Each structure stands twice: as C-alpha cells, then as structure tokens.
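To start, the structure under review is shown below, and the notes come after it.
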Amino acid sequence: MSPEAFLANFGHVANAPGGVEKLRECILFAAINGMLVDQNSNDQPASGLLDEIAKAKQKLISGKGLKPPRRSKEQSNPPANQIRVPNGWEMVVNHDLFFLRKGKKPKTLINTASKYPYLDIEALDREHIRRYTDDEKCPRSTSKDLVIVCDGSRSGLILNGRDGVIGSTLAIVETPEFLQPYLKILFLEAFQRLNSTMKGAAIPHLDTKTLLSSYTKLPPFAEQKRIVEKVDALMALCDRLEEQQRERAELRPILATATHTRFTENPTPETLRACFAEPGHANPKELRKTILSLALRGELVARDLDEGSGHEVLEKLKRIRTSMIADKKLRKIRLNGFNKTDSPYRIPSNWIWAQLNDFIDVRDGTHDSPKNSSETDSVPLITSKDFSDGKINFSNAKRISLKDHLEISKRSKVDRYDILFSMIGGNIGNQVMVQCDAEFSVKNVALFKYYDKELSLPGFLKIYFEHLAFGLQQKAIGGAQPFVSLGQLRNLYIAVPPTAEQRRIVAKVDELIALVDKLEQQQARREEMAAAFAQAAVSALTGTEFKPKAEKMKAPKTELISMVRLRANPDDEDTAPLATLLAANNGELEAKTLWQRSGLAIENFYQQLKMEIAAGYLQQPEEAKLRELSNK
C-alpha cells in the first residue's frame with residue numbers, strides 16, 4: 001500500500017480501536033523510510049554529512065571529558081530489506097551516529113532538595129522529582145540531552161533530558177546536537193513498533209550492543225529538517241484526534257442514557273436496535289438490566305384484564321402450600337409480613353405484591369461437610385463454585401456417599417427446573433436453573449422449589465432472580481458485605497402477575513435478550529473488523545506481519561508482595577475458601593499465589609480476602625510492598 005492509499009483510508013484507521021496509535025506507527029515508519037516528504041535533488045547527500053558528524057562527536061567527547069567509546073567487534077550487516085535507500089540517503093551503523101552513557105545509582109539519596117535532582121523515569125516523563133543527591137561521580141544530564149530507558153517494562157522509550165543525575169535504568173544518548181531531532185524520531189519509531197506488535201509483552205532490557213552495531217537509514221540534513229517538521233505536525237494532529245476521542249468518550253454515557261431512555265419508553269426490537277446504531281451508545285449489560293426491570297414492573301407487555309389477577313394466583317398457591325404443610329411435605333415458615341407502604345414501585349392493577357416465600361419455596365442446601373467418597377455410587381455435592389455460565393459443571397465437584405446424599409435430600413432434594421442461587425462471596429447472585437434429572441446434592445446455596453410450576457413459571461422466576469443478582473453484585477462491587485441470608489430471601493417482595501401474563505413476559509424477555517446478545521456480537525465483530533482493517537493498513541504500508549499472541553488471564557499492573565496467614569481453621573470451606581486453601585498449605589501463602597490458586601477474578605479475590613479477615617479466619621496481612629509487574 002502506498003502512503004497515498006493509506007492516507008485515503010486515514011479516517012477508517014483513526015476511528016478503529018487503537019487506531020490513533022496505528023497512525024503514529026505509520027507516520028514514524030514512513031518518516032524513517034523516506035516515504036513522508038519529497039526528496040530534493042538539490043539537498044546535500046547524507047554521505048557528505050558523515051565527516052561533519054564524526055568531527056562533532058569527537059568535539060562532544062572532548063568537551064565533556066569523556067572516554068572515547070569502544071566500537072563493538074560484532075559488526076552486523078544491514079538487513080536485506082534495508083539495503084535499498086532513497087536517493088541521497090546513506091546506510092550508517094548506529095555507532096557512527098551516537099553512543100550511550102549509562103546512568104548510575106548514587107551512593108546516597110535523600111528526599112529533601114539537594115545539589116542534584118535524581119532523574120528516574122518518573123522525573124523525566126512526569127516531571128516528578130522525588131529524591132536528590134550530592135554524589136559528584138554519577139553521570140549528569142542537561143536539558144539539551146536525549147535520554148533512553150535501558151531497563152524495565154518501558155525499555156527503549158526516548159525522553160528529553162533535564163539537569164540532574166541520571167539513574168541506573170537510563171542512559172544519555174550522546175550525539176551531535178543537530179542530529180537529535182531526527183534521532184528522536186528513530187527511537188520513537190522503534191519503541192512504537194515493538195510495543196504495538198508484541199501485544200503487551202514487555203522489553204525487559206535494551207540490548208545496547210545490538211543497538212549500536214545495527215544500521216540506520218540516514219537522510220540528507222535538509223530532508224531531516226523537513227521530516228521532523230512533518231512528523232511534528234502529524235503527531236499534533238494525532239494528539240487532537242485523541243482529544244476528540246476522549247471528548248466523545250465522555251459524551252457516550254449521556255448519549256447511551258438518552259437511547260436507553262427511548263427504549264424504556266417504547267421497549268420494542270426497533271428501539272433496541274437504535275441503541276446499537278451509533279458506536280458507544282449501547283451498554284448491553286445495562287440494557288439487559290432494563291429489560292428485566294421493565295418485565296418485573298409490568299411495563300414490557302400489554303395488559304389483558306381477562307387473564308385474571310395475581311391475587312388469584314396467590315390464593316391458589318396458598319391452598320397448595322397449606323395442603324403440603326398438613327401432609328408434612330413442607331414446614332411452615334413465619335415471614336415478617338407485607339407492608340404496603342414498603343412497596344418498591346407501582347405495579348399494574350391486576351398484579352399483587354407478595355413475599356417471595358409465598359410465591360416459591362425458598363430453602364437451601366446442606367451446611368454440613370460430608371466426607372469425600374470414591375465409591376462407585378457416590379454423588380456430586382454442588383456448591384456455587386461449580387456454576388459456570390448458567391450451567392452446572394460436574395467435572396470438578398466434590399463427591400459424597402449415597403448415604404449422605406439421601407440424608408441431605410430429605411430437606412434439599414433438587415429437581416429439574418429448580419433454581420440454585422449463590423448467597424455469599426465474590427460470585428454472589430450467580431445462578432443456575434437445573435436442566436437435568438441427575439442425582440446430586442447442594443451445599444451453601446439457596447434452593448428455590450415450586451409449589452406449582454403452572455402458577456409460578458420457572459421462566460418468570462429466572463427473570464426475577466437475574467434482576468436480583470444485578471443489585472446484589474452491584475452492592476458487592478460497591479464494598480458492601482456480599483452476603484444474603486435465607487431469611488432475607490424469603491422476605492423479599494415480588495410483584496405477581498397472572499399466569500398467562502407471566503408466559504407473555506417470559507417470551508418477550510427471551511426475544512429482547514436474544515436480540516441484545518445478537519447486536520452485542522455484531523458490535524464486537526464491527527470493532528474487531530475495524531481493528532483488523534487498521535492493522536492491515538499498517539502492515540500493508542510497513543511490510544510488517546502482525547501475529548497477536550494468545551493472552552492468559554490478566555493480572556493487575558502491580559502486585560502486593562505479602563504473606564497471607566491462617567488464623568483459624570474454617571468450619572465451612574465454601575464460606576472461607578481462602579482459609580481452606582491456606583489450611584492445605586501449612587497455613588500460609590504469598591498473596592499472589594493464593595489469588596492464582598483461588599481461581600477468583602482479582603477484584604473478587606480482594607473482596608473475599610477482606611471478608612475472611614473480618615470473620616477471623618485470616619490474620620491481618622503484614623505490611624505489603626508494591627512491585628511493578630513486567631507484563632511478560
């Protein structure tokens with residue numbers, strides 16, 4: 001692809017995810033390969049610049065009292081794809097253009113202002129000087145220098161120098177001052193290219209020997225000036241594009257709220273599609289939540305008073321429940337009582353408020369810890385950790401004896417269409433509607449069973465519990481104790497519609513949620529295609545091949561280096577899973593190791609850690625040290 005063809009697709013690339021970074025990459029690539037500005041036959045060729053560079057380097061070495069740098073014995077040949085250079089350009093080994101003067105950590109560092117600021121990456125990149133030194137033997141830079149990062153996750157990053165002592169992870173790029181503007185572009189291009197194609201992999205160390213023995217295409221000095229001027233102008237354009245994108249991103253929540261409001265006022269497939277019409281205007285998670293909320297408020301389907309009332313449904317359920325209690329199939333549950341003044345919101349006239357246990361049988365699994373069993377007739381014991389994407393994963397479940405299973409089933413027998421609901425921990429609100437007839441027991445999860453599935457439709461209850469889960473998970477994220485008791489569940493309020501309307505609500509929710517899923521997938525594909533197009537445009541211009549690496553579960557950018565120790569053995573492995581892990585590992589593990597073995601998302605792990613410390617299962621961790629990860 002020619003630069004002209006690339007610029008014709010400039011808008012498509014800029015608006016793709018990460019598109020502006022791709023533009024920067026292309027600008028820099030074009031700059032160092034003679035594709036950004038016109039060549040001028042009247043320019044003095046770069047070959048005539050080499051003697052001037054050599055003299056300026058020698059003058060620089062003498063003026064700073066430096067030792068002449070040793071030339072690397074391992075001189076590589078220029079890559080075959082770099083041998084051809086534009087007219088007037090010259091292929092030059094980097095050692096002839098610059099050398100590096102490595103920094104050094106001073107013997108003494110203090111936090112109060114002293115003779116020399118200590119310059120690390122933060123001091124140069126963010127202008128935040130934290131420490132000072134009086135050490136006269138350390139290399140010093142000035143505001144006229146270029147400084148490169150040699151170690152750490154930002155190796156290869158080029159920075160403007162300032163007056164002070166440079167740290168051990170930095171090096172001064174010693175080069176004639178007139179070459180600095182163009183050399184900065186060379187370093188920027190290398191850093192941008194490596195960091196964009198390696199998909200998050202870090203460059204832990206700058207190989208200075210390879211760098212100095214490598215080759216660079218050097219343009220005539222007059223063309224260097226034109227290139228620098230053009231790059232500055234285009235990078236300023238990229239900065240403006242990024243600012244516009246930030247402004248649009250700030251507007252997206254407002255626009256999303258407006259489109260969601262239109263859908264709320266008229267919840268049809270057409271208004272739902274309109275939410276996805278503009279990029280960033282749709283929040284699929286919030287739309288699903290809105291659909292569930294409208295369903296439970298009676299605002300999703302039309303009213304038909306001939307279908308009866310929720311009161312009639314409750315009366316029938318009451319008779320069934322009374323009969324089951326009389327037959328000792330069910331025990332009587334005392335509820336707090338319904339108070340009309342506590343009604344959460346207005347409902348249709350033929351609906352009625354009820355407490356959840358009046359609408360469905362609310363119970364839970366065992367709280368005991370039966371022994372593991374390897375017998376051929378053993379039965380799975382399912383806990384919330386065995387819930388996966390709305391299904392039960394039996395493969396890793398603990399197995400118990402048939403005898404223990406039958407004992408648990410006297411109170412907590414699970415049948416098809418029953419709903420299992422996580423009541424505690426980082427995965428609170430996760431649920432499963434049982435879709436099989438397999439024999440298994442449950443532990444420490446709520447178990448919702450039907451008095452009559454023709455009156456309390458499983459699909460309608462599933463809508464109710466999915467909406468309930470949104471609220472519980474939001475509270476857990478907000479820092480509240482992620483726990484809901486059986487008593488709280490039984491006394492929850494639920495608005496009960498006629499059975500026929502329940503069916504129509506379920507059908508409408510299924511239709512709209514399926515449409516959200518489809519539109520979300522289409523949205524993701526559009527973004528993937530846009531990103532692929534941007535990368536293809538870059539690859540076509542630069543001739544590079546992009547091979548994304550599969551990414552493993554992401555850890556935080558920093559990690560706490562701290563030991564977590566057991567304080568008391570847990571009574572219940574599901575209530576205190578972290579304490580259970582520690583008990584099996586001599587009572588202590590490093591925080592990172594404990595997180596990895598828990599299998600929890602990082603935010604859920606920290607939430608669970610706080611809970612178990614508060615409950616007395618874990619000791620308060622020792623003072624933690626923060627370490628930056630290398631992102632390998």
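All figures in this text were calculated on a predicted structure; none of them were measured in a lab.
By the 4.0 Å N-to-carboxylate-O rule, Glu375 lies too far from Arg399 to be salt-bridged with it. Using a cut-off of 4.0 Å between Lys/Arg side-chain N and Asp/Glu carboxylate O, Arg363 and Asp361 are scored as salt-bridged. Salt bridge annotation for Asp510-Lys508: absent, with no cationic side-chain nitrogen under 4.0 angstrom from a carboxylate oxygen. A salt bridge links Glu520 with Arg288: the distance from a Lys NZ or Arg NE/NH1/NH2 to an Asp or Glu carboxylate oxygen falls below 4.0 Å.
A distance-only check finds no donor-acceptor pair linking the side chain of Ser409 to the backbone of Ser412 [under 3.5 Å]. Formation of a donor-acceptor pair under 3.5 Å by the Asn491 side chain with backbone atoms of Asn336 is found in this model. A side-chain donor-acceptor contact under 3.5 Å links Gln502 to the backbone of Pro497. A donor-acceptor pair under 3.5 Å links the side-chain atoms of Thr268 to the main chain of Thr271, judged by distance alone. Of the possible donor and acceptor atoms, one in the side chain of Asn283 sits under 3.5 Å from a partner among the backbone N and O of Lys285. Between the side chain of Arg565 and the backbone N or O of Glu588, no donor-acceptor pair lies under 3.5 Å. Here the side chain of Asp386 pairs a donor or acceptor atom with the backbone of Thr383 at under 3.5 angstrom. Within the 3.5 Å criterion, the main-chain N or O of Leu406 finds no donor-acceptor partner in the side chain of Lys413.
Using a 4.5 Å heavy-atom threshold, the side chains of Leu287 and Phe263 count as touching. Counting heavy atoms from C-beta on, the side chains of Ile392 and Phe440 come closer than 4.5 Å. Within the 4.5 Å cutoff, no side-chain heavy atoms of Lys443 are placed close to those of Ile382. Between His260 and Cys275 there is a side-chain heavy-atom pair separated by less than 4.5 Å. The shortest side-chain heavy-atom distance between Glu590 and Val564 does not fall under the 4.5 Å cut-off. Asp304 places none of its side-chain heavy atoms less than 4.5 Å from the side chain of Glu501. Pro269 is listed as a side-chain neighbour of Glu511, based on a closest heavy-atom distance under 4.5 Å. Using a 4.5 Å heavy-atom cutoff, the side chains of Arg490 and Leu356 are not in contact.
Considering only residues two or more places apart in sequence or on other chains, Arg262 meets the salt bridge (Lys or Arg N to Asp or Glu O under 4.0 Å) condition with none of them.
Among pairs with a residue in residues 305-330, those fulfilling salt bridge (Lys or Arg N to Asp or Glu O under 4.0 Å) read Glu307-Arg504, Arg321-Asp358, at least two apart in sequence or across chains.
Remark: Arg416 CZ is packed, more than 12 non-hydrogen atoms of other residues, nucleotides or ligands lying under 6.0 Å away. Counting non-hydrogen atoms of neighbouring residues, nucleotides and ligands closer than 6.0 angstrom, the CZ atom of Arg246 exceeds 12 such neighbours.
With rounding to the nearest 0.5 Å, the separation of CD in Glu407 from OG in Ser401 is 10.0 Å. To the nearest 0.5 angstrom, Ser378 atom OG is 9.5 Å from Asn372 atom CG. Expressed to the nearest 0.5 Å, how far CD of Gln619 lies from CG of Leu582 amounts to 9.5 Å. The CZ atom of Arg303 lies 7.5 Å from the OG atom of Ser349; values are rounded to the nearest 0.5 Å. Here CE of Met423 is found 6.5 Å from OG of Ser485. Values are rounded to the nearest 0.5 Å. Atom CG of Leu515 and atom CD of Gln522 lie 8.5 Å apart (nearest 0.5 Å).
Minimum heavy-atom separation, Val442 to Ile408: O-CG2, 4.3 Å. For Ser388 against Asn393, the heavy-atom pair with the smallest separation is CB-CB, 4.3 Å. Between Ala397 and Leu381, the closest heavy-atom pair is CB-O, 4.0 Å. Nearest heavy atoms, Pro267 versus Leu512: O-CD1, 4.2 Å. Of all non-hydrogen atoms in Lys449 and Asp415, the two that sit nearest each other are NZ-OD2, 2.8 Å. A pairwise comparison of heavy atoms in Ala354 and Leu314 identifies CB-CD1, 3.5 Å as the closest pair.
Applying the side chain to side chain contact (heavy atoms under 4.5 Å, CB included) test between Val509 and each of Val301, Leu296, Leu292 identifies Leu292 as the sole match.
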Checklist entry - Can Leu447 and Leu420 be said to form a side-chain contact (heavy atoms from CB on, under 4.5 Å), step by step? => result CA-CA 5 Å; Leu447 170 61; Leu420 308 178; 3.5 Å; yes
Checklist entry - Taking it one step at a time, do Asn430 and Phe421 satisfy side-chain contact (heavy atoms from CB on, under 4.5 Å)? => result CA-CA 6 Å; Asn430 284 2; Phe421 190 90; over 6 Å; no
Item to check | From CA spacing to verdict: side-chain contact (heavy atoms from CB on, under 4.5 Å), Asp364, Arg411 | outcome: CA-CA 9 Å; Asp364 61 0; Arg411 175 179 173 274; 2.5 Å; yes
Checklist entry - So Leu468 and Leu492, side-chain contact (heavy atoms from CB on, under 4.5 Å) or not? Walk me through it. => result CA-CA 10 Å; Leu468 175 63; Leu492 287 173; 3.8 Å; yes
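Figure legend: cation-pi geometry between Arg567 and Tyr617 absent, as NZ or CZ is not positioned both under 6.0 Å from the six-membered ring centre and within 45° of its axis.
Two rings, from Tyr417 and Tyr450, have their centers 6.0 Å or more apart.
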Kindly list each side-chain donor-acceptor pair under 3.5 angstrom involving residues 451-466, sequence neighbours excluded, with atom names and distances?
unit_1: Tyr451; atom_1: OH; unit_2: Asn357; atom_2: O; d: 2.5
unit_1: Asp452; atom_1: OD1; unit_2: Glu454; atom_2: N; d: 2.8
unit_1: Glu454; atom_1: OE1; unit_2: Arg503; atom_2: NH2; d: 3.2
unit_1: Ser456; atom_1: OG; unit_2: Phe359; atom_2: O; d: 2.7
unit_1: Lys462; atom_1: NZ; unit_2: Glu466; atom_2: OE2; d: 2.5
unit_1: Tyr464; atom_1: OH; unit_2: Tyr493; atom_2: O; d: 3.0

